[in-house]
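Scroll down for the structure; my scribbles are underneath it.
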Amino acid sequence: MARLLITGGAGFIGSHTCVVLLEAGHELLVLDDFSNSSPVALDRVQELSGRSLQGIEGDVRDAAVLEQLFANAASAGAPIEAVIHFAGLKAVVESVVDPLHYWDVNVSGTRALLSAMETHGCRSLVFSSTSTVYGEPDSFPLTETTPTDPIHPYAQTKLAVEQMLSALASTGDWRVASLRYFNPVGAHPSGRIGEDPLGIPNNLFPFITQIAAGRLEKLRVFGDDYPTPDGTGIRDYLHVMDLAEAHAAAVDHLLQSDAPLSLTLNLGTGQGLSVLDVVHGFEAATGITIPYEVVERRPGDVPKLEACPKQAANVLGWSAKRSLADMCRDGWAWQSANPQGYREAP
Ligand code: UDP
């Protein structure tokens, strides 16, 4: 069991990962600035796991906060052994409007974290990367050696961090894993934690659950003239609990490695689903009809993203186990019990 720092641990993927890590017996420090998350998520993580964690409110770019965190842990005789780094910005359109902000938080934030880690001899890191580093691929399945071609600042910042990590790993003595997430959806089956986007969701799945909860009226399906079987875009959706378990496997793998390591792993199911597959899957799992209309394509969208997840299976012994029905049932358990997310209803 290890003492771990989780940056961005109150967010969607972070909070689910914290539950899995606490249940596995790890000790957690969670650094989050709550700019796009709620401290209530951390209360519920502790309630679900029956264990406590240490929450620290702070910005990952703040060298003084990081220094204090690592120094305090060391002087308490329980130094931080590894970091899982979720903290960052993830809205594609916002990244196009304000690229400097994205480079600052995502790239400079990671650089500040790595400096603090280096100073304190903590050299194991799991990083949240993204399948959008592949850009607009035209041959499938996507393996980790498929050429990258990030087409917006969000993906560019994620790839820049991956490159920073592999450069660091080549100096020796670091163990790093960049996990390229496909489309995480769903929630913890208890419905106590889940995805809680600020404002109107950009992403398909929370948009659907908010329609079901009566917060939104109708889904706009962005294009039905893509070169896919039903014409709507295909993505590789995976259950957030599967993704959380992949992080636990990745950090264990790094901590058990005797040698320096630099890993890049796709995390998906390998089974692409269209927008209409997800709509109909949600309807079948919940009995709720999702009204929709087909509108123009959304600028920047690609027809298809689908992982080859074999490398993660080979290296970590991990593969996604949960079905679309599980994703829909659990996502709805969260949204129906928390129609306003972590906020109190007005
Ligand atoms: N999508 C849609 N309506 C929405 C949101 C998304 O039709 O309101 C489609 C989108 O065009 C894409 C898929 O759903 O084909 C997944 O979009 P999402 O934003 O969730 O993920 P990403 O595009 O970042 O993979």
Side-chain angles (χ1 to χ4, degrees), residues 11-13 36 88-96 102 106 128-138 140-142 146 148-159 179-187 194-213 215-240 243 266-283 290-307 309 324 327-328 331 335:
F12 174 42
I13 303 166
N36 189 19
L89 301 175
K90 59 171 186 178
V92 170
V93 173
E94 191 182 68
S95 81
V96 174
Y102 271 67
N106 291 0
S128 296
S129 191
T130 168
S131 58
T132 59
V133 296
Y134 295 114
E136 295 187 49
D138 47 23
F140 294 91
L142 296 170
T146 299
T148 52
D149 181 22
I151 56 174
H152 43 66
Y154 165 64
Q156 287 154 3
T157 62
K158 289 289 179 179
L159 187 61
L179 305 183
R180 292 180 174 165
Y181 311 156
F182 280 69
N183 289 61
V185 300
E195 186 168 16
D196 185 19
L198 280 176
I200 296 179
N202 294 315
N203 296 115
L204 176 66
F205 197 84
F207 205 102
I208 289 176
T209 61
Q210 291 194 15
I211 292 170
R215 278 174 71 174
L216 297 168
E217 242 170 59
K218 192 193 271 188
L219 176 68
R220 292 182 306 145
V221 174
F222 297 137
D224 68 352
D225 56 353
Y226 284 107
T228 63
D230 68 17
T232 66
I234 289 182
R235 297 289 183 276
D236 187 332
Y237 299 91
L238 80 160
H239 197 297
V240 66
L243 188 55
N266 285 341
L267 298 180
T269 65
Q271 299 288 317
L273 297 167
S274 74
V275 176
L276 295 182
D277 289 335
V278 177
V279 169
H280 298 316
F282 188 87
E283 291 177 333
I290 301 299
Y292 67 84
E293 62 178 333
V294 176
V295 300
E296 290 294 288
R297 291 182 181 191
R298 181 170 66 177
D301 269 355
V302 301
K304 174 170 164 175
L305 284 174
E306 189 178 66
L324 175 63
M327 301 175 209
C328 295
Q335 191 76 73

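Numbering of ligands and ligand atoms starts at 1, following listing order.
Partner of Arg180 under the side chain to side chain contact (heavy atoms under 4.5 Å, CB included) criterion, out of Thr130, Thr132, Thr148: Thr148 alone.
At least one N/O-N/O distance between Phe222 and ligand 1 falls below 3.5 Å. Residue Ile234 places no N or O, backbone or side chain, under 3.5 Å from any N or O of ligand 1.
Among all protein heavy atoms, the one lying closest to atom 18 (P) of ligand 1 is Asn203 ND2, 3.5 Å. Scanning all protein heavy atoms for the shortest distance to atom 23 (O) of ligand 1 gives Arg298 NH2, 3.2 Å. When only non-hydrogen protein atoms are considered, atom 20 (O) of ligand 1 lies nearest to Leu204 N, 2.8 Å. The shortest contact between atom 25 (O) of ligand 1 and any protein heavy atom is with Arg235 NE, 2.8 Å.
Residue contact annotation: Tyr237 has a non-hydrogen atom under 4.0 Å from ligand 1.
Within the 3.5 Å criterion, the main-chain N or O of Thr157 finds no donor-acceptor partner in the side chain of Asn106. At least one donor-acceptor pair under 3.5 Å links the side chain of Arg297 to the backbone N or O of Asp225. Side-chain N or O atoms of Asn266 include one that pairs as donor or acceptor with a backbone N or O of Leu142 at under 3.5 Å. Between the side chain of Ser274 and the backbone N or O of Gly233 there is no donor-acceptor pair closer than 3.5 Å.
At a heavy-atom distance under 4.0 Å, no atom of Thr232 approaches ligand 1. The proximity of Val275 to ligand 1, defined as any non-hydrogen pair under 4.0 Å, is limited to the side chain. Contact annotation: for Arg297 versus ligand 1, there are no heavy atoms closer than 4.0 Å.
In the vicinity of Asn202, heavy-atom distances shorter than 4.0 Å reach the ligand 1 atoms 5 (C), 19 (O). Near Asp301, the atoms of ligand 1 lying under 4.0 angstrom from a non-hydrogen atom of the residue are 10 (C), 11 (O), 23 (O). Against a heavy-atom cut-off of under 4.0 Å, Arg220 is close to the following atoms of ligand 1: 2 (C), 3 (N), 4 (C), 7 (O), 8 (O). Residue Asn183 has at least one heavy-atom neighbour below 4.0 Å for each of these atoms of ligand 1: 21 (O), 22 (P), 25 (O). Close approach of ligand 1 to Val221 is summarised as follows: ligand atoms under 4.0 Å from at least one heavy atom of the residue are 7 (O). The atoms of ligand 1 that sit less than 4.0 Å from any heavy atom of Gly233 are 15 (O).
Atom CD of Glu293 has more than 12 neighbouring heavy atoms from other residues, nucleotides or ligands inside a 6.0 Å radius.
Side chains of Glu94 and Tyr102: a donor on one and an acceptor on the other come within 3.5 Å. In summary, the side chains of Thr232 and Asp224 do not present any donor paired with an acceptor at a separation below 3.5 Å, with no hydrogens or angles considered.
Lys90 NZ to Tyr181 OH: the interatomic distance, rounded to the nearest 0.5 Å, is 10.5 Å.
The two atoms that bring Pro303 and Arg235 nearest to each other are O-NH1, 3.7 Å, heavy atoms only.
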